[in-house]
Chemist: 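Questions regarding the structure given below will be posed in turn.
Below, all heavy atoms of this structure are taken into account, side chains as well, without hydrogens, waters or symmetry copies. To find a chain, count down the sequence lines: A is the first, B the second, and so on, and within it residues start at 1.
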Protein chains: 2
Amino acid sequence: MATRTAAEHRAEARRAYDAYLAGCPARQLLDRLSDKWVTLVLNALADGPRRYAGLSRKVAGVSQKMLTQTLRTLERDGLVSRTVTPSVPVRVDYALTPLGESLLPVVAAVKEWADGHIEEVEAARAAYDG
Amino acid sequence: MATRTAAEHRAEARRAYDAYLAGCPARQLLDRLSDKWVTLVLNALADGPRRYAGLSRKVAGVSQKMLTQTLRTLERDGLVSRTVTPSVPVRVDYALTPLGESLLPVVAAVKEWADGHIEEVEAARAAYDG
DNA sequence: CCGTATCCAAAAGGATACTG
DNA sequence: CAGTATCCTTTTGGATACGG
């Protein structure tokens, strides 16, 4: 039996990790949800459908590229619906799907926690830095 | 009064956005929480304190660099405590602080949602791609 | 109005080597 | 055991220009 090098050990560990990821889609989904634009866009759709320009205003500072990219991903994942009205100019409405609605309370809770505990966090930072 | 160029408009909008961010620390905190390693490490500490190596095993695939960086940030933000026992070799324990405990249900809910809805998301993706 | 396409700078993050 | 330091690749994401 051949001696195994450290590099071979590492390569094997990495394959095992990749396999685990492939076999655990929930981990990948968790990574997806851990995106700031996802959280912000879902929260922006909390109180009803919005048009593209409306979202762009609500989620201040988001670039066209990131907004479109995030919306496409959310649509593909079944969290957001996209409705095109073929007027001139075209009108596009985004809304939470039932699946997206089921996620909303969760991401809203994250936002609320941030709102409610920012002062404690800042105090901790000041203590740590000082 | 001078005519304002498009570039100047953009620059002003960007300053306004930056100012808003500076005045809204909750937004920055939300961005922090929207980090996959943060979610994973906090969940890894859910059932009690863990040592560095233990966390490294639990959060499979995390590099030393990212684990240390995440732990330092969480410690600075007051979410995780770091306890050094000066034995030989040294022993370091990480645990959730009360503040971290208050956040745990929220991030645990995100994880649970991912676990419970991954099949629906994958079905949506298949429908979107097909 | 609602995007897409491209380029490019900045940041994230893994690999590796080394230390108390 | 629990890191730190460095290099270097990959990814992210903003700016800009253009199209249906």
Chemist: Could you check how far CD of Q69(B) sits from P of dG14(C), rounded to whole Å?
Modeler: 10 Å
Chemist: Between M66(A) (CE) and dT12(D) (P), how many Å, whole number?
Modeler: 8 Å
Chemist: I need the Q28(A) CD to L33(A) CG distance, nearest 0.5 Å.
Modeler: 12.0 Å
Chemist: At under 4.0 Å, does any side-chain N or O of R51(A) touch on OP1 or OP2 of dC2(C)?
Modeler: yes
Chemist: For residues Y52(B) and R82(B), determine if any side-chain heavy atom of one lies less than 4.5 Å from a side-chain heavy atom of the other.
Modeler: no
Chemist: With respect to the side chain of W37(A), which nucleotide from dG13(D), dC1(D), dG3(D) is positioned closest?
Modeler: dG13(D)
Chemist: For a quick test of reading the model, state the closest non-hydrogen atom pair linking H117(A) to S102(B) and the distance between them.
Modeler: CE1-OG, 3.9 Å
Chemist: Please state how far atom CG in L55(A) lies from atom P in dC1(C), giving the value in whole angstrom units.
Modeler: 14 Å
Chemist: Let me know, please, whether S63(B) or V90(B) comes out on the 5' side of the other along DNA chain C by nearest nucleotide.
Modeler: S63(B)
Chemist: Specify the residue among Y94(B) and K65(A) whose closest nucleotide of DNA chain D lies further upstream toward the 5′ end.
Modeler: Y94(B)
Chemist: dA11(C) P sits how many Å from D31(B) CG, rounded?
Modeler: 14 Å
Chemist: Atom CG of L71(B) to atom P of dC1(D): distance rounded to whole Å?
Modeler: 16 Å
Chemist: Could you state the atom-to-atom distance from CD of E75(A) to C1' of dG3(C) in whole Å?
Modeler: 13 Å
Chemist: Look at the side chain of Q64(A) and decide which nucleotide, out of dT4(C), dA2(D), dG14(C), has an atom nearest to it.
Modeler: dT4(C)
Chemist: Check this one for me: any side-chain N or O of R82(B) less than 4.0 Å away from OP1 or OP2 of dG3(D)?
Modeler: yes
Chemist: May I ask whether L71(A) and V90(A) are part of the same hydrophobic cluster, defined by side-chain heavy atoms of I, L, V, M, F, W, Y residues being less than 4.5 angstrom apart, directly or through others?
Modeler: yes
Chemist: The side chain of T68(B) is closest to which nucleotide in this list: dG3(C), dG3(D), dG20(C)?
Modeler: dG3(D)
Chemist: Whole Å only: how far is the CZ atom of R91(A) from the P atom of dC2(C)?
Modeler: 8 Å
Chemist: Check whether any side-chain N or O of R72(A) sits under 4.0 Å from OP1 or OP2 of dG3(C), and answer yes or no.
Modeler: yes
Chemist: More than 12 foreign heavy atoms under 6.0 Å from CZ of R72(A): is that the case here?
Modeler: yes
Chemist: In this structure, how many angstroms lie between the P atom of dT12(D) and the CG atom of L67(A), rounded?
Modeler: 17 Å
